[in-house]
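For reference, the structure is listed below as C-alpha cells.
Labels below follow one simple rule: chain letters A, B, ... track the order of the sequence lines, proteins then strands, and each chain is numbered from 1.
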Amino acid sequence: MHIDFEAELNPEQYEAVTTMDGPVLIIAGAGSGKTRVITYRMAYMLEKGVPQSAILALTFTNKAAREMAERVKSLTRRKLQNLTVSTFHAFGVKILRKEIERLGWRENFSIYDESDRNQLIKDCARELGFKLETFDVQAAGKVFSDVKTRRVAWTGEDAYEKVYREYEASLKAFNSVDFDDLIVKPIEVFERFPEARAAWREHYRYVMIDEFQDTSHIQYELMRHLSDDNVCAVGDDDQSIYSWRGANYENIVRFEKDWPHVREIKLERNYRSTGTILEAANAVIANNSNRKEKALWSPTGIEGAPIQLFRPEDEVAEGEFIARSIKEQKLKERLAYSDFGVLIRTNALTRWVEEGLLAENVPYKVTGGTSFFQRKEIKDIISYLRVIANPEDDVNFIRIVNVPRRGIGRRTLERLGELAKERGLSLHKTAELVRANPSMELPEKARGDLEEFLELVESFRSEMLGRRNLAAKVRALLEAIDYRAWLVTDNLHNEKAAKWKLLNVESLVNGIDVWEKDPDNHDPTLFAWLNRISLITRDDMDDEEDSGKVNLMTVHAAKGLEFEIVFIAGCEDGIMPHARSLEEGEGNLEEERRLFYVAVTRARRRLHISSAMRRRRNAMPVDCVPSPFLAEIPEKLVTWYEGEGDLAPDDAEDFFAKMNSMFPGEAKEEE
DNA sequence: TTTTCTATCAGCAAC
DNA sequence: TGATAGAAAA
C-alpha cells in the first residue's frame with residue numbers, strides 16, 4: 001500500500017514525518033495535526049523498511065496509544081503485531097515483567113494505585129507510632145513521590161523519612177510496586193545493569209514521545225536510557241497541564257541541550273477551529289511569560305461565530321442552559337449529541353450539569369472521575385485476584401481478609417501483624433506458619449477462620465494460575481465467597497445500590513471474558529490481566545454504546561480531544577483558576593491559564609462559556625466573580641447571552657463544506 | 001472480639 | 001458526598 005505523503009501532508013508536517021533519522025523536536029500547536037504526524041511518521045518508517053519491532057511510541061493515555069496504533073494499522077493495512085505503541089507506565093510494566101527479578105522482586109508483583117499506597121503509608125505511620133490525626137497521609141504521599149522521582153532529597157531531619165523507609169521496605173516485602181516505581185524501577189535496572197539497558201536500547205532504534213510537555217523528569221530519564229539518536233519528541237508547551245504530576249515542560253529545553261543537533265519543527269496551522277476561537281486562544285495564552293513564541297492560524301480563513309458568554313443565576317440555571325442550548329443547536333444544525341463537549345474544571349461540578357441534561361433528556365457520558373476500577377465492589381474483587389496472584393500483598397490481603405465477614409476482625413489481624421513483624425514475614429506467610437504451628441498463640445476461633453481463608457486462597461491460586469477460563473474461575477470465586485449475599489447485607493437499606501453493584505461486578509467478569517477470548521490476546525493469564533487493569537482508566541471503557549452522547553468531562557480529560565461545540569462551565573474565579581492550585585505556588589496561575597487555553601482550543605466551531613452569579617458551596621450559596629481569563633479574550637470576539645432568545649447564534653457559512661474542501665485526506669483530525 | 005452505628009471531617013486535576 | 005475513627009451493641 002503506497003501512501004502519497006507529500007500530497008496528504010502540509011510542508012511542515014511532511015518535513016516532520018520524513019525526518020526519520022536524528023533527533024527531532026516537533027512543537028505542535030493545538031489542532032495542528034499532531035497525531036496525524038506521528039502516525040504518518042510511523043507509516044513512513046515502515047515503508048522505508050524499518051522493522052515494526054524497532055519502533056517505540058510512547059503516549060500518555062491508553063486511549064491515545066490504542067487509537068494511534070489503530071491508525072497506523074489502517075494507514076498501512078498491516079497487522080503490525082510487534083509495533084510498540086504504549087503509555088509510559090504500561091511500557092514500564094513491560095520492562096519490569098522481564099527485568100524486575102534483577103532487583104529482588106518476583107515477576108508476579110502487584111501494582112499499588114494511589115489508594116493502596118495511601119493505605120500502606122497509613123499503616124506504616126501507625127506502625128512507627130505516629131498519631132494518625134496529626135499525620136497527613138496525602139502530604140506524606142506527595143513527599144514520598146518527590147523523593148522517589150528524585151525531585152527532592154531528604155534533609156536528614158525529616159519526620160517523614162523514617163516512614164518512607166518503612167514504606168519502601170513494606171512494598172518490597174509485599175512484592176509490590178507503586179506507580180512511580182513503574183518508571184523509576186526500569187531506570188534503576190538500566191543504571192545497575194548496563195547489559196539490560198543495551199539490549200532494550202538496541203531493540204528500539206526509533207523512539208517517539210507524544211505529549212512531550214507532560215513528561216516528568218523521570219520519564220525523560222527513561223527516554224534517555226532508551227534512545228540513541230533517533231528520537232522524536234512531539235509536544236506543545238502551551239498545553240502543559242500536569243505539573244502536579246511531575247510534568248516539567250522544561251524537558252523541552254533539556255532536550256535541546258542533550259541533543260544539540262536537534263531539528264526543530266513548528267506546526268502552527270490549525271485545522272480545527274474557527275478564526276475567532278484561535279484568536280481568542282492566542283490572546284489568552286500570550287499572557288503567559290515562559291513559553292515558546294507561537295501563534296495558531298487557520299488556513300481556512302473562516303471567522304466563525306463569536307464566543308458566547310453567559311452568566312446564569314446559579315449552577316442549576318447553568319445546567320439547564322447547557323442542556324437546552326445543546327438540544328436547540330443539535331436540531332438546528334443536524335449535529336449529533338456526540339459533537340458536544342461540556343468541560344469543567346473539577347469533577348464535583350459534573351453533578352449540576354448532569355442534572356440539567358437529565359431533566360432535558362439529553363443523553364450524555366461522563367469521562368474520568370472515579371473510574372470504574374475505583375469502585376468499592378470492583379476493588380474488592382480485584383483485591384481477591386491480587387492476593388491470589390501475589391499472596392504476599394499485605395495491603396490487599398487486609399482489604400479482603402474479612403470481606404465478606406468471616407470473623408477475622410481487628411484483634412486477630414493485630415495479633416497476626418505482630419507475629420509477622422517479629423519474623424519479618426508477610427501476613428499470608430505468617431498465617432501459614434500459624435496454621436502449621438499450634439504452639440503459636442491465637443484464639444481457636446480465629447485460627448479456624450484464618451485457616452478457612454487460607455484454603456480459599458490456595459485452592460483458587462492453583463486454579464487461576466493456568467491460562468484458561470479465567471472468567472469462569474472468577475465466577476466460581478464469587479460463588480465461593482457468596483459475594484452477592486454480601487452485597488445485599490452490606491447495602492441493607494439500599495436495594496438499588498446492591499443491584500447496581502452486582503451489575504458492576506458482573507460487567508467486570510464479562511470484561512475478563514471478552515478480554516481472554518480476544519484472538520489478539522496472546523497472554524490470557526491472571527498476571528497479564530492484573531497488570532493491564534492497574535493502568536486502565538475510565539476512557540478505556542467507553543466505546544460500547546456510548547457513541548451518540550454528549551461528552552461531559554474535566555478539562556484534563558479533554559486534552560487531545562475535540563468537539564464541534566464546546567461549553568466551558570463554571571468559569572469563575574476560584575474554580576478556573578482553581579483557588580487551591582494558586583495556593584500551591586507562584587507559577588500555577590500560568591498553568592491554570594494553559595488549562596483554560598486547552599479548554600478553548602477543544603472547540604472546532606463554536607464556544608460557549610458560562611460563569612454562574614452564585615454557586616452553592618457546602619449547601620451555602622456564594623456570590624461568584626467571573627474568571628479573570630474571560631477578560632483576556634478580546635471583546636470583539638464575544639457576545640453576551642442574556643438568558644433568553646436564540647441560544648444558537650447563526651454563522652451562515654457552511655463550515656463543514658468549506659473546511660473539507662480546503663484539505664485533502666481526512667478533515668476530522670484529532671490532535 | 002466482632003459488628004453496627006454515629007459523628008466528624010475534608011473535598012483539584014489522574015497515570 | 002464519602003470515608004473513617006471511635007463508641008455502643010451484640
Exercise for the section: Answer with base, sugar-phosphate or nothing: what part of the nucleic acid does R580(A) contact at a heavy-atom distance below 4.0 Å? Expected result: base

Handout entry: Side chain of R405(A) - closest among dT3(B), dT1(C), dC15(B)
Key = dT3(B)

Problem - Whole-Å distance separating the CD atom of Q374(A) from the C1' atom of dG2(C) - result: 14 Å

Practice task
Figure out the CD1/P separation between I408(A) and dT1(B), and round it to whole Å.
Solution key: 15 Å

Problem - Donor + acceptor pair across side chains of N396(A), Y112(A) (<3.5 Å) - result: no

Completion exercise
In whole angstroms, the gap separating P of dA13(B) from CD1 of I344(A) amounts to 9 Å

Handout entry: Pair R406(A) + E452(A): basic N to acidic O under 4.0 Å
Key = no

Problem - Geometric class of the H89(A)/F179(A) ring pair [parallel <30°, tilted 30-60°, perpendicular >60°] - result: perpendicular

Practice task
Give a yes/no on whether any side-chain N or O of N588(A) is located under 4.0 angstrom from OP1 or OP2 of dA13(B).
Solution key: no

Practice task
Would you mind classifying the nucleic acid contact of D113(A) as base, sugar-phosphate or nothing, using non-hydrogen atoms under 4.0 angstrom?
Solution key: nothing

Handout entry: S611(A) and E572(A) side chains, donor-acceptor separation under 3.5 Å
Key = no

Exercise for the section: Could you check how far CD of E377(A) sits from P of dG2(C), rounded to whole Å? Expected result: 12 Å

Problem - dT1(C) phosphate, OP1 or OP2, under 4.0 Å from N347(A) side-chain N/O - result: no

Exercise for the section: Tell me what R345(A) touches on the nucleic acid: a base, only sugar-phosphate, or nothing, going by heavy atoms under 4.0 Å. Expected result: base

Exercise for the section: Would you please determine if the base of dA14(B) is stacked by Y242(A), with stacking meaning a centroid separation under 5.5 angstrom and planes under 30 degrees? Expected result: no

Problem - Toward the 5' end of DNA chain B, by each residue's nearest nucleotide, F179(A) or R406(A) - result: R406(A)

Practice task
Starting from P on dA10(B), measure out to CG on D136(A) and report it in whole angstrom.
Solution key: 10 Å

Exercise for the section: Pick base, sugar-phosphate or nothing for T346(A), based on heavy-atom distances below 4.0 Å to the nucleic acid. Expected result: sugar-phosphate

Exercise for the section: Return the stacking result for dC15(B) and F60(A): yes when the ring centres lie under 5.5 Å apart and the planes under 30°, no otherwise. Expected result: no

Handout entry: SB check K445(A) D449(A) (cutoff 4.0 Å)
Key = yes

Exercise for the section: Would you indicate, yes or no, if dA3(C) has its OP1 or OP2 atom less than 4.0 angstrom from a side-chain nitrogen or oxygen of K122(A)? Expected result: no

Practice task
Return yes if a side-chain donor-acceptor contact under 3.5 Å exists between Q213(A) and D236(A), otherwise no.
Solution key: no

Handout entry: base_contact_polar (dC15(B) base, R245(A) side chain, donor-acceptor, <3.5 Å)
Key = no

Exercise for the section: Specify the residue among Q138(A) and T87(A) whose closest nucleotide of DNA chain B lies further upstream toward the 5′ end. Expected result: Q138(A)

Exercise for the section: Ignoring hydrogens and angles, answer whether the base of dC12(B) and the side-chain atoms of H578(A) contain a donor-acceptor pair closer than 3.5 Å. Expected result: no

Problem - Gap between atoms CZ and P, on R594(A) and dA13(B) respectively (whole Å) - result: 18 Å

Problem - d(CZ, R351(A); C1', dT1(C)) in whole Å - result: 8 Å

Problem - Between dT2(B) (C1') and R447(A) (CZ): distance, integer Å - result: 19 Å

Exercise for the section: Using only side-chain N and O atoms of N62(A), determine if any of them is under 4.0 Å from OP1 or OP2 of dC15(B). Expected result: no

Handout entry: dA13(B) phosphate, OP1 or OP2, under 4.0 Å from S581(A) side-chain N/O
Key = no

Practice task
Would you indicate what T412(A) reaches in the nucleic acid, counting non-hydrogen atoms under 4.0 angstrom: base, sugar-phosphate, or nothing?
Solution key: sugar-phosphate

Practice task
Could you tell me whether K376(A) contacts a base, only the sugar-phosphate backbone, or nothing, with contacts defined as non-hydrogen atoms closer than 4.0 Å?
Solution key: nothing

